[in-house]
Enquirer: 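Got a structure here, written out as structure tokens. Questions coming.
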Amino acid sequence: MTTPVFVRYDSPAERRDAFMHMVGMRQQWEEHVKELVERRKQHA
Amino acid sequence: MLELSAERINIHAPYKVERVEANTFLFTTKSGVVYYVGFSHDFSFMEENLYQFFITNVEHKHAPADSAIYETIKVVIEEFFEQGQNVILYICDSMDNRQAMRDRLFRIWFNTCFENKNITLYNEQIEIDDIWYFAGIMLRKDNPSHNRIIGQFHDFVQDIPNKWELL
């Protein structure tokens with residue numbers, strides 16, 4: 001791993017948006033998993 | 001580029017995992033509960049080498065206590081850290097207001113499975129707009145930027161403003 005590059009935010013609002021996006025990734029992933037489950041059922 | 005191997009995981013995992021797609025696996029417990037586990041590239045406070053970790057009981061079936069689940073997840077995490085100096089990020093699901101309990105369970109699991117191992121778990125909690133969020137990172141103790149990464153994560157989380165502070 002090279003020296004890590006940390007994200008710089010221009011404003012508190014941007015940092016908040018990034019945090020809420022991070023939180024929202026779980027729901028996105030779960031929706032994606034539901035699609036994967038359906039695809040597997042169709043191919044079964 | 002993160003590339004986890006089901007073959008390597010299955011050497012030690014009590015429940016055999018099946019690769020569903022890159023860095024996403026499923027396994028089925030003896031009670032018939034199917035879990036999906038996966039990692040997704042995250043860019044919230046690091047531009048590279050940061051992955052958010054997810055695990056879901058996809059059908060939300062009742063899952064009796066089963067140490068083999070925790071051991072399987074442990075092996076998946078170990079495989080992750082074998083791939084280099086990447087960092088895991090996790091956030092406890094807060095949709096049903098049980099995030100504090102999940103955070104406690106996660107820390108108990110970590111302390112049980114990774115005692116005397118070379119991995120650090122660092123937690124943060126923050127109240128934003130009346131909701132408590134519990135988040136943490138895991139990284140190898142021999143990461144040359146270990147303390148810097150923890151410091152950056154701390155700063156990233158603790159400087160999040162509430163909605164009314166933005167007005």
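Just so it is clear, the values below take in all heavy atoms, side chains as well, and ignore hydrogens, waters and symmetry mates. Reminder, nothing fancy here: chain letters follow the sequence lines and each chain counts from 1.
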Enquirer: Flag yes if more than 12 heavy atoms outside Glu31(A) fall under 6.0 Å of its CD atom; otherwise flag no.
Expert: yes

Enquirer: Sequence neighbours left out, what pairs pass salt bridge (Lys or Arg N to Asp or Glu O under 4.0 Å) with at least one residue falling in residues 11-32 of chain B?
Expert: Arg40(A)-Glu18(B)

Enquirer: What residues of residues 92-111 of chain B make heavy-atom contacts with chain A at a cutoff under 4.5 angstrom?
Expert: Asp93(B)

Enquirer: In chain order, what residues pass the ring-ring contact (aromatic ring centres under 6.0 Å, His included) check against Phe39(B), with sequence neighbours excluded?
Expert: Phe53(B), Phe80(B)

Enquirer: Is the shortest side-chain heavy-atom distance between Tyr9(A) and Asp159(B) below 4.5 Å?
Expert: no

Enquirer: Mind checking whether Phe6(A) and Phe156(B) have ring centres under 6.0 Å apart?
Expert: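 Between Phe156(B) and Phe6(A), which both carry aromatic rings, the centre distance is not below 6.0 Å.
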
Enquirer: Cluster question for you: counting only ILVMFWY and a side-chain heavy-atom cut-off of under 4.5 Å, with indirect links fine, are Ile9(B) and Tyr35(B) together?
Expert: yes

Enquirer: Could you report the tightest heavy-atom contact between Ile149(B) and Pro4(A), atom names first, then the distance?
Expert: CG1-CG, 4.3 Å

Enquirer: Side chains of Ile91(B) and Met25(A): does their closest heavy-atom pair fall under 4.5 Å?
Expert: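 The answer is no, as the side chains (C-beta and beyond) never meet within the 4.5 Å cut-off.
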
Enquirer: Side chain of Arg15(A), backbone of Ile160(B): donor and acceptor closer than 3.5 Å?
Expert: no

Enquirer: Between Ile55(B), Val20(B), Leu50(B), which residue shows the highest count of heavy-atom pairs closer than 4.5 Å to chain A?
Expert: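 Looking at each of Ile55(B), Val20(B), Leu50(B) in turn, Ile55(B) comes out on top.
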
Enquirer: Hey, is CD on Glu14(A) packed in by over 12 heavy atoms from elsewhere, all under 6.0 Å?
Expert: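 Yes, because the 6.0 Å sphere around CD of Glu14(A) holds more than 12 heavy atoms from other groups.
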
Enquirer: Hey, quick one: are Met138(B) and Phe153(B) part of the same hydrophobic cluster, counting side-chain heavy atoms closer than 4.5 Å, chains of contacts allowed?
Expert: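 Result: no, two separate clusters.
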
Enquirer: Output the option from Arg39(A), Lys34(A), His32(A) having the highest count of non-hydrogen pairs under 4.5 Å with chain B.
Expert: His32(A)

Enquirer: When you group the ILVMFWY residues by side-chain heavy-atom contacts below 4.5 Å and let the links chain together, are Val87(B) and Leu121(B) in the same group?
Expert: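 Different clusters: Leu121(B) never reaches Val87(B) through Ile, Leu, Val, Met, Phe, Trp or Tyr contacts under 4.5 Å.
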
Enquirer: Would you mind reporting whether Tyr36(B) and Val37(A) have side-chain heavy atoms less than 4.5 Å apart?
Expert: yes

Enquirer: Under the side chain to side chain contact (heavy atoms under 4.5 Å, CB included) criterion, do Met20(A) and Tyr133(B) qualify, and how do the steps go?
Expert: CA-CA 10 Å; Met20(A) 299 315 291; Tyr133(B) 293 94; 3.4 Å; yes

Enquirer: Using the side chain to side chain contact (heavy atoms under 4.5 Å, CB included) rule, take Val7(A) and Gln152(B) through it: C-alpha gap first, then chi angles, then the decisive distance, then the call.
Expert: CA-CA 9 Å; Val7(A) 180; Gln152(B) 288 287 330; over 6 Å; no

Enquirer: To the nearest 0.5 Å, what is the distance between CZ (Phe54(B)) and CD (Gln28(A))?
Expert: 8.0 Å

Enquirer: For the atom pair OH (Tyr90(B)) and CE (Met22(A)), what is the distance rounded to the nearest 0.5 Å?
Expert: 11.0 Å

Enquirer: Would Asp129(B) and Arg16(A) pass as an ion pair if we require N to O under 4.0 Å?
Expert: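 A salt bridge is present here (some side-chain N lies under 4.0 Å from a carboxylate O).
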
Enquirer: I'd like to know if the side chain of Gln52(B) reaches the main chain of Arg26(A), judged simply by a donor and an acceptor atom lying under 3.5 Å from each other, with no hydrogens or angles considered.
Expert: no

Enquirer: Which atom pair, heavy atoms only, marks the closest approach of Val37(B) to Trp29(A)?
Expert: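 It is C-CZ2, 3.9 Å.
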
Enquirer: Within a 6.0 Å radius of atom CD on Glu47(B), are there more than 12 heavy atoms belonging to other residues, nucleotides or ligands?
Expert: yes

Enquirer: Less than 4.5 Å to any heavy atom of chain A: does that hold for the side chain of Ile128(B), its backbone, both, or neither?
Expert: side chain

Enquirer: Can Ile77(B) be reached from Phe27(B) by stepping across I, L, V, M, F, W or Y side chains whose heavy atoms are under 4.5 Å apart?
Expert: yes

Enquirer: What part of His21(A) is in contact with chain B, defined as an atom under 4.5 angstrom from a non-hydrogen atom: side chain, backbone, both or neither?
Expert: neither

Enquirer: Would you say Val76(B) and Ile69(B) are hydrophobically clustered, going by side-chain heavy atoms of ILVMFWY under 4.5 Å?
Expert: yes

Enquirer: Just to verify, what does Phe43(B) make a ring-ring contact (aromatic ring centres under 6.0 Å, His included) with, not counting sequence neighbours?
Expert: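 Only His41(B) meet the ring-ring contact (aromatic ring centres under 6.0 Å, His included) criterion with Phe43(B).
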
